[in-house]
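Have a look at the structure below, then the notes.
Proteins get letters first, then strands, A, B, ... in listed order; numbering begins at 1 in each.
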Amino acid sequence: MASDDINLLVIVVDVNPIWWGQQAQRETELTLSKCLDAVMVLGNSHMAMSRTNKLAVIASHCQDSHFLYPGKSWGAGDSCEEDASSSGDGKYELLSVANNFIAEEIRKLIAKTDVTGNSTDTLLAGSLAKALCYINRVAKDHEVGQETKSRILVIKAAEDCALQYMNFMNVIFASQKQNILIDACVLDSDSGLLQQACDITGGLYLKIPQKVALAQYLLWVFLPDCEQRAQLVLPPPVHVDYRAACFCHRNLIEIGYVCSVCLSIFCNFSPICTTCETAFKIQLPQMVKPKKKKLKQQT
Amino acid sequence: MDEEPERAKRWEGGYERTWEVLKEDESGSLKATVEEILFQVIESHGQVRLGMMRHLHVVIDCSRSMDDHDLKPNRLTSTLKLMETFVDEYFDQNPISQLGLITTKNKRAEKLTDLAGNPKNHIVALKKAVDTLCVGEPSLYNSLNLAIQTLKHMPGHTSREILIVLSSLTTCDPANICELIKTLKALKVRVSVIGLSAEVRVCTVLTRETGGSYHVILDESHFKELLMLHVKPPPASSSSECSLIRMGFPQHIIASLTNQDAKPSFSMSHLDSSSGAGLSLGGYFCPQCQAKYTELPVECKVCGLTLVSAPHLARSFHHLFPLAAFTESPVDGLQDDRVCQACQGELKDKTAFTCPSCRSVFCVECDLFIHDSLHCCPCCLHSQSPP
């Protein structure tokens, strides 16, 4: 591995305000600010591992996904230098700038956005799509001779949204094609979509047993990159349920019927496909027609 | 003599009055008509029925003309290399389809690989075929006949296709090929040809009658382009039957040595291969007959059920719901700050692309990436409406 390789880590944090609000009422051990502290620790460690490592953090909300770091005004970095010199504890400037940036942006995001309408699900597929576009741009911007290796870490809090299935699968196949790993760190309930994503792209899936130790799990499991993971003993892969869900009842089925036109899956045979409305040919048993006796025509 | 509708060759047609096509508007500018002509070509696909389950036979010409050095190092090596890329892309875009390879030389046709759904065998066979001697003449009749033997048994809802890579200008047939063309038409087989030398009349008739496409390559990159055109599923003919196909979705059992119930077993897919793959603990078990397989998609040898996993079907979804093309607009006309909403980069180029449904602005790189790989607009995903 050449030392010039750029290692880009994109962290997608689920900041669903409804889930975090309920979490604050249930137990005060893990709050959103403590979660973001753990994320900042991971981000700092990643950037400290090598000079060429890069970081990006995206907050995934119900309304929108927002880039916490790097920000849009990153090009004109003059305003950030004053904050850096004020850290005063001898920390590497880049790390303290990043931390301040992330803290500022998340504060603005939570204060600014309201939850309107019925949308209570985190827009994870959208955030992953934006992450892939960002990785694509960074990979194109590098100099000749430098390779870019990227991976995405998803920190998931709320439950899955079944509506995003198709977009999620598109994102997963796109990242598999670009050799981008998707790792998942799940705080609360198991997510089938993320299990499939980690299995298909070759990443790690972990459901954290104790939420308090989030920073510890992040540093132990998700900090090493793909070459180093081969030499470490990490949590074993989970059993992924690849059974399809039928379109009529949303049950998981082992044997089903697939429409040859639109590829929708049904658990029972039906003469018409409900998605594309094609009528199917049914093999009917042969009917034996009774022989008609011809009447003699009276001439 | 020619009653069939032949496309007249360019040198046969009369004078084209090209100046009459362009019309000036009141200020004397031609811009409007030029744009009209350009954008007539770009059509949206809409909801067209596509043949998702494809059975494709590829016939590769291994005759004497393949030894020619106009493609480096010779035509055969270059063709086989491009075929390997084609096989990978084909199974990536059509995971539930099957592919078979046939070679033709010395007035005979031979099967290189059977119709199968696993790309590995095909790639191994292609790598070995680089050493074959290019000798003799190809036989179109024999290779088409060989392909029909397997294709005619395929069920009606799948699309039956043959792709011929023909470099020779001659063919040696034992019987009348026009009869064979009639048979192909009756069996609804679609034959396409990629010519490496020049246009041959019998191929033109063959592809026109069966509804395929015929192209002749200009150079190696054009060859790759033409091959990749055949990766996308073709529009299904209106006469193909639509039916419900019974498929199984087996679970992947990962068993470790410490698990007491795990029993080692043979995988059915390794019965035919001589590479002595032995007992293994985990795998996919057919839900109907419990036969074990190591990889999907596969057709169960015991009970005939097609075994797939849900992501395989999901891979083909983007063909059915294609993403609309984004509209181009100059950057100077934008009021907001010039940032691409997908990658957060500055819009450096002259044109920006706008998604017609969510009106977000993207840069050129993101537009290319979204349409080639991602197949969904990142900002439309934020509107929370079901797809």
Side-chain angles (χ1 to χ4, degrees), chain A residues 62-65 67 70-72 75 117-119 121 123 125-126 129-130 132-134 136-137 140-141 163-167 169-174 177-178 196 200 236-237 239-245 253-263 265-266 269-270 273 276 278-281, chain B residues 47 49-50 52-53 92 156-158 236 240-254 256 287-288 305 308-311 313-318 320-321 337 339-346 362-363 365-366 369-370 373-382 384-387:
Chain A
C62 312
Q63 242 75 36
D64 200 7
S65 341
F67 269 79
K72 289 186 188 162
N118 300 333
S119 55
D121 293 311
L123 297 166
K130 278 195 176 173
L132 285 178
C133 290
Y134 177 76
N136 184 45
R137 176 171 74 91
K140 293 249 157 71
D141 278 345
L163 297 172
Q164 294 182 5
Y165 176 73
M166 201 172 83
N167 296 318
M169 299 309 280
N170 278 335
V171 167
I172 294 174
F173 294 133
K177 223 171 173 184
Q178 308 269 323
Q196 286 190 26
I200 291 175
H239 168 65
V240 187
D241 200 348
Y242 273 126
R243 284 179 300 173
I253 45 174
E254 289 210 326
I255 300 183
Y257 294 91
V258 176
C259 167
S260 62
V261 174
C262 63
L263 298 183
I265 306 166
F266 301 104
F269 190 90
S270 71
C273 169
C276 62
T278 3
F280 297 121
K281 275 185 125 171
Chain B
Q47 296 284 333
R49 266 213 238 151
L50 301 171
M52 290 283 139
M53 301 187 58
D92 184 59
H157 55 77
T158 56
S240 66
E241 304 162 8
C242 330
S243 48
L244 277 182
I245 314 153
R246 200 151 172 272
M247 287 191 180
F249 300 95
Q251 293 246 41
H252 191 193
I253 311 289
I254 312 171
S256 58
Q288 208 166 253
L305 186 65
V308 292
S309 67
L313 294 179
R315 246 182 235 274
S316 313
F317 281 158
H318 69 87
L320 295 167
F321 305 107
D337 34 288
V339 170
C340 165
Q341 291 185 352
C343 66
Q344 314 293 311
E346 265 187 62
F362 301 109
C363 62
E365 298 275 349
C366 288
F369 179 65
I370 288 172
S373 308
L374 205 51
H375 305 290
C376 50
C377 165
C379 299
C380 286
L381 296 183
H382 290 111
Q384 279 281 8
S385 50

Out of [options], which one racks up the most heavy-atom pairs below 4.5 Å with chain A?
| options | answer |
| --- | --- |
| B:Gly248, B:Ser373, B:Ala342 | B:Ala342 |
| B:Pro378, B:Cys377, B:Cys366 | B:Pro378 |
| B:Pro311, B:Ser309, B:Cys340, B:Ala314 | B:Pro311 |

Ring centre gap for A:Tyr257 and A:Phe266 strictly below 6.0 Å: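 Distance test on ring centres: not under 6.0 Å, no.
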
[X] versus [Y], closest heavy-atom pair with distance:
| X | Y | answer |
| --- | --- | --- |
| A:Ile255 | B:Gln288 | CD1-OE1, 4.2 Å |
| A:Ala174 | A:Leu132 | CB-CD1, 4.1 Å |
| B:Phe249 | B:Ala310 | CD2-N, 4.2 Å |

Heavy-atom distance under 4.5 Å to chain B: side chain of [X], backbone, both or neither?
| X | result |
| --- | --- |
| A:Lys130 | both |
| A:Gln196 | side chain |
| A:Ile265 | side chain |
| A:Asn136 | side chain |

Contact winner vs chain B - A:Pro237, A:Ala125, A:Ser65, heavy-atom pairs under 4.5 Å: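 Heavy-atom pair counts peak at A:Ser65.
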
Residues forming a ring-ring contact (aromatic ring centres under 6.0 Å, His included) with A:Tyr165, sequence neighbours excluded: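 Partners of A:Tyr165 under the ring-ring contact (aromatic ring centres under 6.0 Å, His included) test: none.
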
Distance, nearest 0.5 Å, that separates CG of B:Leu305 from CD of A:Glu254: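 It comes to 10.5 Å.
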
